[in-house]
Amino acid sequence: MSRQNNEVSELIDVENAFYIGNYQTCINECNKISKPSLEKDVFMYRSYIAQNKYRVVLDEIKSSNDTPLLALRYLAEYLSNATRKEAIVSMFDEKFQGDINALDVIWIIAGATVYINEESYETAMKVLVGNFNLECMSLHLHCLLKMSRVDLAKQVFTTMQEKDDDATLTQLSQAWLNIQIGGEKLQDAYFIFQDLCDKFSPTLLLLNGQAVCYIGQQKYDDAEQVLRECLNRDPNNYDTLINLLALSQQKDKNSSQFNRYLSQLLDEHKNSSLANAYNKRQAEFDRLVLQFGPSNTKPVDEIVA
């Protein structure tokens with residue numbers, strides 16, 4: 001194999017490790033590549049971000065950086081500093097006012113990721129639509145699934161198949177689409193996750209995917225077994241805790257386990273979408289209790305008077 005082919009093979013290993021959620025392996029594979037490469041650096045820094053190691057990214061990618069890596073600094077800032085979120089969203093808004101096609105794809109991926117975190121799916125799709133980079137299409141499909149537009153997601157997936165049917169991202173996208181469709185497709189999704197586990201290695205992303213399939217098929221004991229394995233790998237993983245909440249609601253008659261997982265999630269993932277939604281509803285409930293609770297109710301004789 002030529003040196004050039006070796007480099008291509010190494011980058012494929014880097015990409016696949018990242019897409020299946022094997023972030024430390026991705027970083028390790030990047031460190032093996034001695035030749036400078038923007039693509040390698042992109043996946044390495046994105047892996048650090050996925051591990052919540054934002055300081056590495058912020059220390060190494062300066063605000064004066066004149067390469068597309070600057071997009072990843074902004075993404076790390078957005079995810080790590082709540083006071084910077086609004087400013088960074090505005091920065092991406094301004095960035096995308098010009099010719100989006102002229103931007104490096106990492107700007108599009110980072111910006112779309114920020115919009116998705118903001119739950120601004122339509123804005124994310126405006127940035128992604130028409131871009132035939134496989135990851136951009138995968139993010140587009142993700143947005144459509146979030147909006148329950150399975151019909152349109154199927155169209156995006158067909159384009160992904162035409163571009164590269166065997167790609168890991170295409171396989172993962174098919175699994176996510178099958179989960180949304182449900183029914184018999186849940187078993188198909190499970191097999192995709194299992195094939196990727198066999199081909200590469202089981203990761204939290206793949207195992208949680210299998211657990212979701214089990215929950216959808218009401219195979220609660222199997223789901224619990226997989227999620228226990230996930231807990232052993234990382235007791236604070238966000239997706240695992242979300243799936244354990246869903247499982248405990250279906251399986252357990254008492255709410256003690258549910259409350260434990262909820263407390264853990266609120267403690268470990270304070271800025272997550274679920275934590276924000278929960279805290280907002282809790283504050284609204286507390287406000288209503290204060291407004292209409294017995295302590296604020298006037299005595300009948302005072303009302304009559």
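Please read all numbers here as calculations on a predicted model, not as lab measurements. Values below: every heavy atom of this structure, side chains too, minus hydrogens, waters and symmetry copies.
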Do other residues, nucleotides or ligands put more than 12 heavy atoms under 6.0 Å from Glu268 CD? yes
Could you tell me how the ring of Phe92 sits relative to the ring of Phe96: parallel (under 30°), tilted (30 to 60°) or perpendicular (over 60°)? parallel
Report yes if some heavy atom in the side chain of Pro202 is under 4.5 Å from a heavy atom in the side chain of Arg233; otherwise report no. yes
Give the cluster check for Leu231 versus Leu245: same hydrophobic cluster or not, with ILVMFWY residues linked at side-chain heavy-atom distances below 4.5 Å. yes
Is Tyr214 reachable from Leu244 through a run of hydrophobic residues whose side-chain heavy atoms are each under 4.5 Å from the next? no
Between Gln161 (side chain only) and Gln174 (backbone N and O only), is there a donor and an acceptor less than 3.5 Å apart? no
To check you understand the geometry: which heavy-atom pair defines the closest contact between Tyr220 and Ile215, and what is its length? CE2-O, 3.7 Å
Decide yes or no on side chain to side chain contact (heavy atoms under 4.5 Å, CB included) for Ile20 and Asn16, but give the supporting numbers first. CA-CA 6 Å; Ile20 67 167; Asn16 286 331; 5.6 Å; no
Determine whether a donor-acceptor pair (N or O, by modelled atom type, separation under 3.5 Å) exists between the side chain of Ser138 and the backbone of Leu134. no
Straight-line distance of Ile192 CD1 to Leu206 CG, nearest 0.5 Å: 11.0 Å
One pair to check against side-chain hydrogen bond (donor to acceptor under 3.5 Å, both in side chains): Tyr19 and Gln171. What are the steps and the verdict? CA-CA 11 Å; Tyr19 291 139; Gln171 298 300 307; over 6 Å; no
What is the distance from atom CD1 of Ile49 to atom CE of Met44, rounded to the nearest 0.5 Å? 10.5 Å
For His269 and Leu241: C-alpha separation, side-chain torsions, deciding distance, then whether side chain to side chain contact (heavy atoms under 4.5 Å, CB included) applies. CA-CA 10 Å; His269 303 277; Leu241 292 173; 4.1 Å; yes
What I want to check is whether the side chains of Asn22 and Thr203 have a donor and an acceptor closer together than 3.5 Å. no
Write down the atom of Ile27, the atom of Ser47, and the distance for their closest heavy-atom approach. CG1-CB, 3.6 Å
Backbone N/O of Gly130 and side chain of His140: donor-acceptor pair under 3.5 Å: no
From CA spacing to verdict: side chain to side chain contact (heavy atoms under 4.5 Å, CB included), Arg149, Asp151: CA-CA 5 Å; Arg149 291 304 306 267; Asp151 54 333; 2.9 Å; yes
Is there a side-chain contact between Leu79 and Glu77, using heavy atoms and a 4.5 Å cut-off? no
Counterpart residues, side-chain hydrogen bond (donor to acceptor under 3.5 Å, both in side chains), relative to Gln155 (two or more places apart): none
Sub-3.5 Å donor-acceptor pair from the side chain of Thr170 to the main-chain atoms of Asp166, do we have one? no
Does a side-chain heavy-atom distance below 4.5 Å link Asp188 with Glu184? no
Might you confirm whether atom CD of Gln187 has over 12 heavy atoms from other residues, nucleotides or ligands at distances under 6.0 Å? yes
Chi angles and distances behind the salt bridge (Lys or Arg N to Asp or Glu O under 4.0 Å) call for Glu122, Lys126: CA-CA 6 Å; Glu122 290 185 3; Lys126 287 177 183 177; 5.8 Å; no
Compare all side-chain heavy atoms of Ile100 with those of Trp107 and state whether any distance is below 4.5 angstrom. no
Please name the pair of heavy atoms, one in Val127 and one in Tyr115, separated by the smallest distance, quoted to 0.1 Å. CG2-CE1, 3.8 Å
Find the distance between CG (Leu247) and CD (Gln250) and round it off to the nearest 0.5 Å. 8.0 Å
Test side-chain hydrogen bond (donor to acceptor under 3.5 Å, both in side chains) on Glu60 and Tyr45; report intermediate values, then the result. CA-CA 9 Å; Glu60 296 190 12; Tyr45 287 123; 2.7 Å; yes
CG on Asn237 to CG on Leu207, rounded to 0.5 Å: 10.0 Å
Within a 6.0 Å radius of atom NZ on Lys185, are there more than 12 heavy atoms belonging to other residues, nucleotides or ligands? no
Any donor-acceptor N/O pair, Lys40 side chain to Ile33 backbone, under 3.5 Å: yes
Looking at Leu145, is its backbone amide N or carbonyl O close enough to the side chain of Gln180 to form a donor-acceptor pair, meaning the two atoms are under 3.5 Å apart? yes
Using side-chain heavy atoms (C-beta onward) and a distance below 4.5 Å, is Cys213 in contact with Ile179? yes
For the student: nearest non-hydrogen atoms of Leu72 and Arg46, plus distance: CD2-CG, 3.7 Å
Could you go step by step and tell me if Tyr261 and Asn243 meet the side-chain hydrogen bond (donor to acceptor under 3.5 Å, both in side chains) rule? CA-CA 10 Å; Tyr261 294 134; Asn243 288 330; over 6 Å; no
With a 4.5 Å heavy-atom cut-off, do Leu172 and Thr168 have their side chains touching? yes
For Glu224, what residues pass the salt bridge (charged side-chain N to carboxylate O under 4.0 Å, His left out) criterion, not counting sequence neighbours? Arg228, Lys251
From CA spacing to verdict: side-chain hydrogen bond (donor to acceptor under 3.5 Å, both in side chains), Gln97, Asp93: CA-CA 7 Å; Gln97 289 299 315; Asp93 288 343; over 6 Å; no
With rounding to the nearest 0.5 angstrom, report the CD1 to SG distance, Ile108 to Cys136. 5.0 Å
Any side-chain heavy atom of Phe132 within less than 4.5 Å of one from Met137? yes
When you measure from the side chain of Asn208 to the backbone N and O of Leu204, does any donor-acceptor pair fall under 3.5 Å? yes
Report yes or no: do Ile116 and Met147 belong to one cluster of Ile/Leu/Val/Met/Phe/Trp/Tyr joined by side chain heavy-atom distances under 4.5 Å? yes
Honestly curious: do Phe200 and Leu169 fall in one hydrophobic cluster under the side-chain, below-4.5 Å linking rule? yes
Between Lys219 and Asp221, is the closest basic N to carboxylate O distance under 4.0 Å? no
For the residue pair Leu38 and Leu69, establish whether any side-chain heavy-atom pair is separated by less than 4.5 Å. yes
Is there a path of hydrophobic side-chain contacts, each under 4.5 Å between heavy atoms, that joins Val226 and Leu205? no
Within this structure, what is the CG-CZ distance for the pair Leu152 and Phe157, rounded to the nearest 0.5 Å? 15.5 Å
Residue pair Thr240 / Cys230: nearest heavy atoms and the distance that separates them: OG1-CB, 3.4 Å
Please name the pair of heavy atoms, one in Ser173 and one in Met160, separated by the smallest distance, quoted to 0.1 Å. OG-CE, 3.4 Å
Would Tyr23 and Phe18 count as a close aromatic pair, with their ring centres under 6.0 Å? yes
side-chain hydrogen bond (donor to acceptor under 3.5 Å, both in side chains) with Asn65: which residues, sequence neighbours excluded? Thr67
